[in-house]
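All values below were derived from every heavy atom in this structure, side-chain atoms included, with hydrogens, water molecules and symmetry-related copies excluded.
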Amino acid sequence: MKSVLSFPKVDSPNPELLRRHGWSVKAAHGSYCVVWRGSQEVVMVWRDGTWQRANGGAIRTAA
């Protein structure tokens with residue numbers, strides 16, 4: 001199952017979109033971003049106009 005955060009598609013990576021969904025950004029470089037929320041730290045990758053978890057696991061986001 002593909003894990004995709006529900007954001008409007010945009011052309012370039014935008015870490016602010018992750019912040020809007022409750023993630024804190026630890027580092028951002030190109031199409032990769034390390035984020036955390038609570039005790040969960042994950043690597044996100046920008047693919048097809050959306051942020052996706054790099055390992056494909058499920059992510060819970062606040063609406």
Side-chain angles (χ1 to χ4, degrees):
M1 174 184 235
K2 190 174 181 181
S3 177
V4 177
L5 296 177
S6 57
F7 299 120
K9 286 194 173 194
V10 293
D11 293 331
S12 60
N14 183 353
E16 184 58 34
L17 296 174
L18 295 166
R19 288 185 185 100
R20 290 180 193 169
H21 279 267
W23 294 94
S24 296
V25 176
K26 183 175 184 178
H29 183 71
S31 61
Y32 291 90
C33 199
V34 178
V35 295
W36 85 92
R37 181 170 53 199
S39 63
Q40 185 179 25
E41 183 174 280
V42 297
V43 176
M44 304 293 279
V45 63
W46 186 259
R47 289 187 191 129
D48 301 323
T50 61
W51 285 108
Q52 301 175 29
R53 189 171 179 159
N55 70 358
I59 291 180
R60 305 267 184 232
T61 58

Exercise for review: Would you give the length of the straight line joining atom CG of Asn14 to atom CZ of Arg20, rounded to the nearest 0.5 angstrom?
Suggested key: 6.5 Å
With heavy-atom distances below 4.5 Å as the criterion, would you say the side chains of [X] and [Y] are in contact?
X: Val35; Y: Glu41; value: no
X: Trp36; Y: Val42; value: no
X: Gln52; Y: Met44; value: no

Point to revise | Residue pair Ser31 / Pro13: nearest heavy atoms and the distance that separates them | key: CA-CG, 4.0 Å
Check your understanding: For the side chain of Arg37 and the backbone of His21, is there at least one donor-acceptor N/O pair under 3.5 Å apart?
Key -> yes
Check your understanding: Should Val43 and Val45 be regarded as members of a common hydrophobic cluster, given that ILVMFWY residues are connected when their side-chain heavy atoms come within less than 4.5 Å of each other, either directly or indirectly?
Key -> yes
Review point. Can you check ring-ring contact (aromatic ring centres under 6.0 Å, His included) on Trp46 and Trp51, steps first, answer last?
Key: CA-CA 5 Å; Trp46 186 259; Trp51 285 108; 5.1 Å; yes
Practice item. Using the side chain to side chain contact (heavy atoms under 4.5 Å, CB included) rule, take Leu18 and Glu16 through it: C-alpha gap first, then chi angles, then the decisive distance, then the call. Key: CA-CA 5 Å; Leu18 295 166; Glu16 184 58 34; over 6 Å; no
